[in-house]
Amino acid sequence: MEVEKISDSLHRLTFSNGNEIILIGTAHVSSGSVELVQETIEKENPDRICIELDGSRMKSKSEGSSWKDMDIRKVIREGKGFFLLANTALASFQKRMGSQTGITPGDEILKAAAIAKERNIPLSLCDREIQTTFKRAWAKSGLWNKCKLLATLVSAAFSNETLTEEELEELKKQDTLESMMNEIAKELPTVKEVLIDERDRYLATSIYLAEGRKKVAVIGAGHTNGIIKTLEKLEKGEIGTDIGEINTIPKAKPWGKIASYAIPALIILLVVIGIITTGWDQGIRMFLYWMAACAISTGIFSFIALANPLNIIISAVTAPFFALNPVLGVGMLSGVLEATFRKPKVRDFEGINDDATSLKGWYGNRILHALLVFLLSSIGSMIGTFVAFPMLISHL
């Protein structure tokens, strides 16, 4: 495979069978990228256009926000609250970058898709589903890394840092999604393979397998080197084209499930030991101490989230019982109740991307507020449960 570097953003790859791939490395917040995409497609006249987008994100970008079709209560009940938090933080990050550059993130991708439609050129969506990427990263992370992953996403979304002119120009040379993924990879090297390396391989293989003698591929600039290296390996036969392994959600490790059952079992065991060694009165007192610790902590964090007063009471009262049930969680209940007590309105769906860029927006937007209540009440319940352990042991 021959690689011709036309410019920093443009590479022509020629394969042994005569096929060509023109890689356009774009920045999702640069007007220059939009112009480069249009000029390159017009000049090269390819027989296929490949873009760094998956089906769900393409639908969201082309048809407008999909929030209106979302039932927030159903999302939380199905245990997808954390993934929705991650997606919202990512959208907020890209929105903030776009507001500072004056360009809507992803304009160059949509431009490539629009040209493909206008000229009747076949279009290939070559990226892995973002949900699959997040779920693989989530599955490969331990509890501490899961917390760090969410913290990194949310801190990136809430950051009010203003870019300097130099930083702004540098940002325009890279992909905003990739820059965020790189920040996450720095904090979480264990999931770098999922966030960076796997997507490079997936994109490269999808572009390589797409039909066409001459293809133009529009990708984030941060993927360029990784894709070129992968295409070279594919051409030499050093790696295969089967990407099924990196396109599936790995089975959850048993340790997490074991821990979810072990914690309530340990609490019950400590209470039983208390009853056997010190009598019923002390055993019941220990159980009440644990219930109080769990309830108070959950109530405090629900209050910090400014949950509905009735929701705070219900969450605090039920927290100890939910903590004993590994299948359910108090966050699930409190999130669903918050969305029920304060039903989202049309303006909440329409303004969710803008509201997600500020802490005030998370409290004011009813969809985001339900997620915030879900998150903080879950944290409160966890803290209360773990704080109770030394209390129970001390009373033995």
Side-chain angles (χ1 to χ4, degrees), residues 1-63 103-129 172-178 199-237 239 241 243 247:
M1 184 183 82
E2 295 182 4
V3 180
E4 177 189 358
K5 184 177 180 180
I6 302 172
S7 68
D8 289 339
S9 303
L10 206 58
H11 293 76
R12 185 187 302 276
L13 315 179
T14 306
F15 296 82
S16 57
N17 60 3
N19 289 355
E20 287 185 331
I21 296 176
I22 295 89
L23 282 181
I24 308 176
T26 71
H28 292 333
V29 291
S30 172
S31 59
S33 290
V34 180
E35 296 167 0
L36 178 62
V37 166
Q38 184 170 359
E39 291 171 359
T40 303
I41 294 176
E42 289 177 354
K43 178 181 178 181
E44 299 293 342
N45 192 27
D47 50 24
R48 180 170 293 271
I49 295 175
C50 302
I51 57 176
E52 182 209 329
L53 213 59
D54 57 83
S56 59
R57 282 190 292 155
M58 180 63 182
K59 181 179 179 181
S60 176
K61 286 181 177 294
S62 59
E63 298 180 7
I103 300 296
T104 302
D107 273 355
E108 84 291 352
I109 297 288
L110 295 181
K111 186 63 177 179
I115 294 174
K117 185 176 181 180
E118 290 169 6
R119 301 191 175 192
N120 200 28
I121 301 174
L123 180 70
S124 293
L125 306 179
C126 294
D127 201 1
R128 182 172 64 184
E129 287 286 335
K172 289 183 178 182
K173 298 177 184 178
Q174 56 183 314
D175 169 19
T176 54
L177 176 61
E178 187 67 13
R199 287 186 66 231
D200 285 346
R201 182 185 171 192
Y202 191 97
L203 282 164
T205 306
S206 298
I207 295 168
Y208 183 78
L209 293 177
E211 294 183 3
R213 296 280 296 174
K214 188 176 188 180
K215 294 170 279 192
V216 166
V218 184
I219 59 169
H223 289 294
T224 302
N225 291 334
I227 286 177
I228 291 176
K229 290 178 182 178
T230 304
L231 288 172
E232 287 177 338
K233 292 179 180 179
L234 287 168
E235 172 75 351
K236 294 176 182 178
I239 59 174
T241 57
I243 50 177
N247 198 33

### Summary
Residue set satisfying salt bridge (Lys or Arg N to Asp or Glu O under 4.0 Å) with Arg213, at least two apart, ordered chain then number -> none

#### Entry: Check: Val218 and Cys50 side chains under 4.5 Å, non-hydrogen atoms
no

## Note on the structure
In short, side-chain hydrogen bond (donor to acceptor under 3.5 Å, both in side chains) pairs touching residues 114-124 with sequence neighbours left out are Arg48-Ser124

### Query
Which salt bridge (charged side-chain N to carboxylate O under 4.0 Å, His left out) pairs, counting each pair once, include a residue from residues 9-20, with sequence neighbours left out?
Glu4-Arg12, Arg12-Glu20, Arg12-Glu44

### Query
Are Leu23 and Leu10 side-chain neighbours, meaning at least one heavy-atom pair lies under 4.5 Å?
no

### Residues forming a side-chain contact (heavy atoms from CB on, under 4.5 Å) with Glu235, sequence neighbours excluded
Met1, Phe15, Ser16, Tyr208

### Query
Is it true that Lys215 and Asp47 make a salt bridge, defined as a side-chain N closer than 4.0 Å to a carboxylate O?
no

### Query
Quick one: are Arg201 and Ile243 in side-chain contact, heavy atoms under 4.5 Å?
yes

### Query
Is there a side-chain contact between Lys214 and Asn19, using heavy atoms and a 4.5 Å cut-off?
no

### Summary
Between Ala204 and Leu231 the two heavy atoms that sit nearest each other are O-CD2, 3.5 Å

### Query
Hey, are the side chains of Val3 and Glu232 touching, using non-hydrogen atoms and a 4.5 Å cut-off?
yes

### Query
If only atom types and distance count, is the side chain of Thr224 paired as donor or acceptor with the main-chain N or O of Ala221 below 3.5 Å?
yes

#### Entry: Over all atoms of both residues, closest heavy-atom pair of Ile207 and Ala217
CD1-CB, 3.7 Å

### Message
Could you tell me if the side chain of His11 sits less than 4.5 Å from the side chain of Ile22, heavy atoms only?
### Response
no

### Task
Applying side chain to side chain contact (heavy atoms under 4.5 Å, CB included), run through Glu52 and Arg199 and close with a yes or a no.
CA-CA 10 Å; Glu52 182 209 329; Arg199 287 186 66 231; 3.1 Å; yes

### Task
Just jot down the salt bridge (Lys or Arg N to Asp or Glu O under 4.0 Å) partners of Glu39, sequence neighbours excluded, or say none.
none

### Summary
With sequence neighbours left out, the residues meeting side-chain contact (heavy atoms from CB on, under 4.5 Å) with Gln38 are Glu42, Lys111, Ile115

### Task
Identify which one of Leu53, Val37, Val34, Asp127 satisfies the side-chain contact (heavy atoms from CB on, under 4.5 Å) criterion when paired with Ile109.
Leu53

### Task
Return the set of residues passing salt bridge (Lys or Arg N to Asp or Glu O under 4.0 Å) with Lys233 (not counting sequence neighbours), or none when no residue passes.
none

### Leu125 side chain near Asp54 side chain, heavy-atom distance below 4.5 Å
no

### Query
Thr26 side chain to Ile219 main-chain N or O, any donor-acceptor pair under 3.5 Å?
yes

### Message
Which residues pass the side-chain contact (heavy atoms from CB on, under 4.5 Å) test with Ser9, not counting sequence neighbours?
### Response
Ser7, Leu36

### Message
Checking Asn225 now: which residues fulfil side-chain contact (heavy atoms from CB on, under 4.5 Å) with it, not counting sequence neighbours?
### Response
none

### Message
Between Glu2 and Leu13, is there a side-chain heavy-atom distance shorter than 4.5 Å?
### Response
no

